[in-house]
**Q** 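This is the structure I want to talk about, given as structure tokens.
Chain identifiers are assigned alphabetically (A, B, ...) following the order of the sequence lines, protein sequences preceding nucleic acid strands; residue numbering begins at 1 within each chain. The figures here come from the full heavy-atom set of this structure, side chains too, leaving out hydrogens, waters and symmetry mates.
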Amino acid sequence: MNDNEIIDMLRTDADAGFREIVAQRQHMVYSMARSFLHDSTEAEDTAQEVFLKIFRGIGSFRAEAKLSTWIYRITVTTCMNAARKKKRSRSVPMDDAHLPAAAPHEIDETRSAVRAAIAKLPEQFRAVVLLKDMEDKSYKEIAAILRLPIGTVESRLHRARMLIRESLGAEDRYDL
Amino acid sequence: MTCDVIRKNIARYVDNELWEEENIARIEAHMNGCASCRAERDALLSIKHRVAGSRYAAPAGLAARVLTAHRKGAQGSTIRTALPLFSAAGIAAAAALLVGALNFTAPRRVSPVTGYLLGSVSIAEAACLDGTIAITKQGYK
């Protein structure tokens with residue numbers, strides 16, 4: 001179901017429209033929240049907050065913007081705010097950012113190492129690399145979601161990938 | 001194309017952000033003969049694939065939890081919007097009564113029946129009166 005069909009559904013049957021949005025977006029919203037917060041319970045709470053913001057704000061959504069861009073924007077800003085709030089309330093660094101490096105032959109551990117590398121990124125770099133490489137958004141879409149010039153999106157993406165590469169440096173010697 | 005030009009465009013290339021077939025062909029032609037730029041491309045593709053593979057799946061109960069919270073929120077908002085209306089109506093009615101009571105010291109023209117209901121005239125007096133009467137707290141004129 002595309003954006004226009006969901007908007008039509010929201011007009012005729014709001015509850016059905018909300019169910020469709022949750023069904024379609026729950027993995028994206030949760031994954032984004034988990035990547036920013038590194039904790040399953042906090043990620044669930046934040047994902048719920050994202051959807052409730054979408055439901056409350058849908059009345060003010062302007063059709064000239066893409067629904068998916070609007071949903072991504074709410075998701076990213078809510079996750080970034082939750083991460084900042086968490087950072088302010090903690091005096092020690094977040095746990096997942098200090099996960100041990102993975103053995104290259106074990107897929108799950110390699111995934112953990114990549115997640116740890118993403119967790120170490122500054123938030124503005126993290127948002128860009130997640131939107132590009134995890135969500136497969138175009139530079140133009142990312143620029144619209146984050147309200148940044150395309151050149152800034154490109155430079156942040158480049159920097160994010162370089163930092164991930166540095167973090168995974170030891171593994172790359174085996175994998176590449 | 002030189003390696004410098006390729007490096008400036010290699011991210012756009014792996015991200016499918018180059019739209020001119022001619023540029024894509026030039027980059028591919030260069031990489032066919034340049035191990036260093038090929039390695040750079042492969043490193044970027046590796047990071048892209050690893051980040052894509054690090055996506056989390058939502059837990060099974062998330063959708064139900066979100067929809068339940070939404071329903072509760074919707075009910076809560078109905079109650080929250082109803083309460084101020086009720087309060088406002090109550091306050092307005094109380095204010096009207098108060099204003100009426102305060103003004104009752106001055107004579108007010110009402111029908112005899114209203115005068116009886118307000119306790120200013122007896123039922124027998126009300127039955128005998130026509131038109132309107134001026135009532136005060138002490139009685140009627």
**Q** Among A:Lys140, A:Arg161, A:Lys137, find the one that has a salt bridge (charged side-chain N to carboxylate O under 4.0 Å, His left out) with B:Asp15.
**A** A:Arg161
**Q** Please answer whether the main-chain N or O of B:Ala57 pairs with a side-chain N or O of A:His27 as donor and acceptor at a distance below 3.5 Å.
**A** no
**Q** Can you see which heavy atom on B:Ala69 is nearest to which on A:Gln48, and at what distance?
**A** CB-NE2, 3.4 Å
**Q** Let me confirm one number: the CG-OG distance from B:Leu62 to A:Ser40, rounded to the nearest 0.5 Å.
**A** 11.5 Å
**Q** Let's test your reading of the structure: which of A:Glu49, A:Arg56, A:Glu44, A:Met32 forms the most heavy-atom pairs below 4.5 Å with chain B?
**A** A:Glu44
**Q** Of all the heavy-atom pairs spanning A:Ile118 and B:Ser54, show the shortest one and how long it is.
**A** CD1-OG, 3.5 Å
**Q** Is there a side-chain contact between B:Arg71 and A:Asp15 in this structure, where contact means two heavy atoms from C-beta onward sitting under 4.5 Å apart?
**A** no
**Q** Identify the heavy atoms of A:Ser35 and B:Tyr56 that sit nearest to each other, and give their distance.
**A** OG-CE1, 3.8 Å
**Q** Tell me the closest heavy-atom pair linking B:Glu17 and A:Ser138, and the distance in Å.
**A** OE2-CA, 3.3 Å
**Q** From A:His158 NE2 over to B:Leu44 CG, what is the distance, rounded to the nearest 0.5 angstrom?
**A** 8.5 Å
**Q** For B:Pro59 and A:Gln26, which heavy atoms make the closest approach, and how far apart are they?
**A** O-OE1, 4.4 Å
**Q** When A:Asp133 is tested against each of B:Lys48, B:Arg55, B:Arg50 for salt bridge (charged side-chain N to carboxylate O under 4.0 Å, His left out), which residue passes?
**A** B:Lys48
**Q** Do B:Arg12 and A:Tyr139 make a side-chain contact, defined as non-hydrogen atoms from C-beta onward lying under 4.5 Å apart?
**A** yes
**Q** Which pair of heavy atoms, one from B:Leu67 and one from A:Val22, lies closest together, and at what distance?
**A** CD2-CG2, 4.1 Å
**Q** Is NZ or CZ of B:Arg65 both nearer than 6.0 Å to the six-membered ring centre of A:Phe51 and within 45° of the ring axis?
**A** no
**Q** Please report the C-alpha distance between B:Val66 and A:Phe55 in whole Å, then the side-chain angles of each, then the deciding distance to 0.1 Å, and finally whether the side chain to side chain contact (heavy atoms under 4.5 Å, CB included) criterion is met.
**A** CA-CA 10 Å; B:Val66 167; A:Phe55 299 158; 4.0 Å; yes
**Q** Need one label for A:Arg19: side chain, backbone, both or neither, based on atoms under 4.5 Å from any heavy atom in chain B.
**A** both
